[in-house]
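We count ligands from 1, going down the list as the structure has it; atoms in each ligand are counted the same way.
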Amino acid sequence: MTDQTSNAMWGGRFAAGPDAVMEAINASIGFDQRLAAQDIAGSRAHAAMLAATGILSHSDAEAIREGLLTVLSEIEGGDFAFSPALEDIHMNVEARLKEIVGEAAGRLHTARSRNDQVATDFRLWVRDQIDAADAGLAALQRALVAQAEAGADLVMPGFTHLQTAQPVTWGHHMLAYVEMFARDRGRLADARRRLNECPLGAAALAGTGFPIDREMTARELGFDRPTANSLDAVSDRDFALEFLSAASICAMHLSRLSEELVIWASAQFRFVRLSDRFSTGSSIMPQKKNPDAAELIRAKIGRILGATMALFTVMKGLPLAYSKDMQEDKEQVFDAADALMLSLAAMEGMVRDMEANAPALEAAAATGFSTATDLADWLVRELGLPFREAHHVTGRLVAAAEAKGCDLPDLSLAEMQAVHESIRADVFDVLGVHNSVASRTSYGGTAPARVREQVAAWKERLG
Ligand code: ARG
């Protein structure tokens, strides 16, 4: 007999219930209720396996499986009373199942533990998030490819050190992010492959003496195979850390793109117009149109990287196998996943809607002596100068233009010949920004022809 106030699931050896503070620090139901669907899927698979192996009668298993569906619809319908006294999602579900199907519910926990249960639930949840993030990234890539296609010929300044470097094409710049997000998808896919092993049946830590069929539960839940070591199965959170790590890198990419959008949308740059749908106004300055979404996405890396650090810190130094420390894994991952999904959706909307300001981009591309490298290359190609000397001559021409207060193409031929007597009039052909980008045809280069090839390849890949 257990004391009235002790826990119905494990209170056998307890004479009294927990202190209120103990209950507050111990209970995870406030957040792990997000694992309800996964918990019920895991329990249904477990019950089916127990019946198939003769550990449980088919009638009990059927009652349990049906009852679990009722519990799920109650939770999804929002009329389920979660109880902190029942600690977590696993015991909340089981307790309600008992009210629905009676004694049979008590047989469900045969040959398993909450340790393998939570490991299974959490893997299923993270797997869903990986799939959702992949879909979000693909949508964002499509939006960027559409921008690249529309602006394959559009010239803009390319920067290093945020100083004008060489002209590039808008399409090329957009496709740089498509590459980054492709690597993010690759990392997530890679994490998913390693994640996709089923811990269920590892039980508390040592496996079980019941003749369970772990292949069956693994298959039922869409895993490739069962985990091979029960100690590792219940104490591993690498799958969550890999997801968070990939999410952090992705958030870093999103943050960089956000930063560019914030700069580009400013009155000083005017490279892009963000749509009203993805901007906000100021309550005091009527003229303002703020890129809040970009700023918030730029900041989300703080939460996501923070969650990554938090989980690494929770896991370091933990002895095998399960320790309650590991209950602290979930909120971090939930928060990071929410932040990532929202950021991806907002970025996709912003990119899809934004308008490149072609005149401003083209004008900016032509300032800052952006074709100086083209001029140096011309001196090498046409006059046979060593590159170092060509670099020096070009430097002197830049200084001459600067002194005159103009750009390189505005120097007269005579002014150029004053610096190097062999310069000919056809030098002016390479000083225009369109010629400049068109000439950069090396594989991976910014030439519109190359950009169009990449756009076609991405459209094919993204479907
Ligand atoms: N709520 C727990 C968690 O999230 C479930 C596992 C509890 N296991 C235990 N041995 N107390 O980690």
Gln327 and Ser28: side chain donor to acceptor below 3.5 Å: yes
Only pairs under 3.5 Å count here: list side-chain donor-acceptor contacts from residues 129-137, not counting sequence neighbours, and write none if there are none.
unit_1	atom_1	unit_2	atom_2	d
Asp131	OD1	Arg192	NE	2.8
Asp131	OD2	Arg192	NH2	3.0
Asp134	OD1	Arg185	NE	2.8
Asp134	OD2	Arg185	NH2	3.2

Side-chain donor/acceptor of Asn92 to backbone N/O of Phe82, under 3.5 Å: no
Say whether Gln147 and His173, considering side chains only, have a donor N or O and an acceptor N or O under 3.5 Å apart. no
Using a strict cut-off of under 4.0 Å between a residue heavy atom and any atom of ligand 1, list the qualifying protein residues by chain and number. Ser28, Asp32, Asp88, His90, Arg114, Asn115, Val118, Tyr322, Gln327, Lys330
Are Arg256 and Tyr177 in a cation-pi setup, meaning NZ or CZ lies under 6.0 angstrom from the ring centre and within 45 degrees of the ring axis? no
Can a donor-acceptor pair be found, under 3.5 Å and without considering hydrogens, that links the side chain of Ser255 to the backbone of Ala251? no
